Amino acid sequence: MKIVMLGAPGAGKGTQAEMLAKKYDIPHVSTGDIFRMNIKNGTELGMEAKKYMDQGLLVPDELTVRILLDRVAKEDCTKGYVLDGFPRNIPQANVLDDALSKLGDKIDYAINVDVPDENIIRRMSGRRACLACGATYHIEHVPPKKEGICDKCGQELVLRDDDKPETVKNRLQVYKEQTQPLIDFYGKKGILHNVDGTQDMNEVFEAIVAILG
Ligand code: AP5
Ligand code: MG
């Protein structure tokens, strides 16, 4: 099963992708997490990506597409995967489609987690992230067991550099211009499903599972 998660920054794509990955035993592939891990490890890729991420801009397609295609070609992705944060624009979606169709394959579901802008700003400021394993928390909605420490791997939790209000505004703008058109793109393919992302995270999850079966 191959799933694409769509939704604005902070809509809960990562939160849901993580839960789906566990339930269906498929990898959660997040380009944002891959970039953040590279930044944390000081790699060349990380340094390059950071220039764009800190401004709330998209990392150039040449870099992003290569990383994503390498990742989904790995052994653990043969049964499927849940993509979170990719594709991010129409050219990326076309590259993915082409790569899959060469293998006689396709994306099965595009899930759009729909959340209005007001909720988004609130969610971002309360978010805490683990840069080591990609886990996501919220100081009110999803607190870790021990304050500031990741439940899963014990590393320190941080406020993401790009969660500053000014950068969040840019990310929302970029989302509207470049990413939102993907809703139509997958709608035309007949695989788009909308879920109300303002519900409690478990209710959002149940709604998605009802779609996937
Ligand atoms: P990326 O990491 O993908 O960030 P994003 O799309 O902006 O999405 P977020 O991770 O901010 O939000 P989310 O939807 O995952 O929400 P979450 O589950 O954390 O990308 C970051 C940057 O990397 C980009 O700006 C770009 O520069 C670059 N990049 C990445 N991919 C790229 C690509 N393909 N091409 C080019 N550049 C790329 O939830 C948010 C918060 O809300 C959390 O605190 C969570 O606990 C809480 N929460 C979640 N669900 C609920 C709920 N139902 N109720 C209450 N709280 C909730
Ligand atoms: Mg995310």
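When a ligand or atom number is given, it counts from 1 through the structure's own listing order. Nothing here was measured: the structure is a model prediction, and the numbers come from that model.
In terms of N/O distances under 3.5 Å, ligand 1 is approached by G14. Looking at ligand 1, you won't find any N or O of G56 less than 3.5 Å from one of its N or O atoms. Considering backbone and side-chain N/O of G10, one or more are found under 3.5 Å from N/O of ligand 1. Close N/O approach between A11 and ligand 1 is found [any backbone or side-chain N/O within under 3.5 Å]. The shortest N/O to N/O separation between P9 and ligand 1 does not fall below 3.5 Å. In terms of polar-atom proximity, S30 is not counted as a contact of ligand 1, lacking any N or O under 3.5 Å from an N or O of the ligand. For ligand 1, one of its N or O atoms has an N or O atom of R127 under 3.5 Å away. Some N or O of K13 is nearer than 3.5 Å to an N or O of ligand 1, by distance alone.
Near R36, meaning under 4.0 Å from any of its heavy atoms, are these atoms of ligand 1: 2 (O), 21 (C). Atoms of ligand 1 found under 4.0 Å from any heavy atom of V142, numbered from 1 in the order shown, are 46 (O). Per-residue contacts place D162 under 4.0 angstrom from the following atoms of ligand 1 (heavy atoms of the residue considered): 21 (C).
The closest side-chain heavy-atom distance from P87 to V4 is below 4.5 Å. Within the 4.5 Å cutoff, side-chain heavy atoms of Y52 are placed close to those of P60. At a threshold of 4.5 Å between non-hydrogen side-chain atoms, the residues Q16 and I208 count as touching.
Between K106 and D97, none of the side-chain N atoms (NZ, or NE/NH1/NH2) sits under 4.0 Å from a carboxylate O, so this pair counts as no salt bridge. Under the 4.0 Å criterion applied to side-chain N and carboxylate O atoms, D61 and R88 are not assigned as salt-bridge partners. R160 has no carboxylate O lying under 4.0 Å from a charged side-chain N of D54, or vice versa, which leaves the two without a salt bridge. Using a 4.0 Å cut-off between charged nitrogen and carboxylate oxygen, K146 and D151 do not count as a salt-bridge pair. The pair R128-D163 fails the salt-bridge criterion, with no side-chain N (NZ, NE, NH1 or NH2) lying under 4.0 Å from an Asp/Glu carboxylate O.
Counting only heavy atoms of the protein, atom 16 (O) of ligand 1 lies nearest to G12 N, 3.2 Å. Nearest protein heavy-atom neighbour of atom 23 (O) of ligand 1: M53 CE, 3.4 Å. Counting protein heavy atoms only, atom 45 (C) of ligand 1 is closest to T15 OG1, 3.7 Å. Residue, atom and distance of the protein heavy atom nearest to atom 38 (C) of ligand 1 are F35 CE1, 3.9 Å. Scanning the protein heavy atoms around atom 35 (N) of ligand 1, the nearest turns out to be Q92 NE2, 2.9 Å. The protein heavy-atom contact nearest to atom 44 (O) of ligand 1 is Y137 O, 2.8 Å. Counting protein heavy atoms only, atom 54 (N) of ligand 1 is closest to R123 NH2, 3.5 Å. With respect to atom 56 (N) of ligand 1, the closest heavy atom belonging to the protein is H141 ND1, 3.1 Å.
Considering D196, V59, L57 only, the shortest heavy-atom separation from atom 36 (C) of ligand 1 involves V59. If you check each of Q178, R122, H138, R160 against atom 46 (O) of ligand 1, the one with the closest non-hydrogen atom is H138. For atom 20 (O) of ligand 1, the choice among E203, M201, R88 with the nearest heavy atom turns out to be R88. The residue among V65, T136, L96, T64 with a heavy atom at the shortest distance from atom 43 (C) of ligand 1 is T136.
Geometric assessment of K2 against the ring of Y81 yields a positive cation-pi assignment under the 6.0 Å and 45° thresholds. Geometrically, K189 engages F185 in a cation-pi contact defined by less than 6.0 Å to the ring centre and at most 45° from the axis.
Put simply, CD1 on I90 and CG on L182 are 4.5 Å apart, with the number rounded to the nearest 0.5 Å. For the atom pair CZ of F86 and CE of M5, the computed distance is 16.0 Å after rounding to the nearest 0.5 Å.
Taking each heavy atom of G12 and R123 in turn, the nearest pair found is N-NH1, 4.1 Å. The minimum heavy-atom distance between G10 and M124, with the atom names listed, is CA-SD, 3.7 Å. The shortest non-hydrogen separation linking T167 to Q55 is CG2-C, 3.9 Å. Nearest heavy-atom pair, I26 versus M1, reported as atom, atom and distance to 0.1 Å: CD1-O, 3.9 Å.
Under 4.0 angstrom from ligand 1, the non-hydrogen atoms of D200 all belong to its backbone. Here R171 has side-chain heavy atoms under 4.0 Å from ligand 1, and that is the only part of it that gets that close. Contacts between A8 and ligand 1, counted as non-hydrogen atom pairs separated by less than 4.0 Å, involve the backbone only.
Within the 4.0 Å heavy-atom cutoff, Q199 counts among the residues contacting ligand 1.
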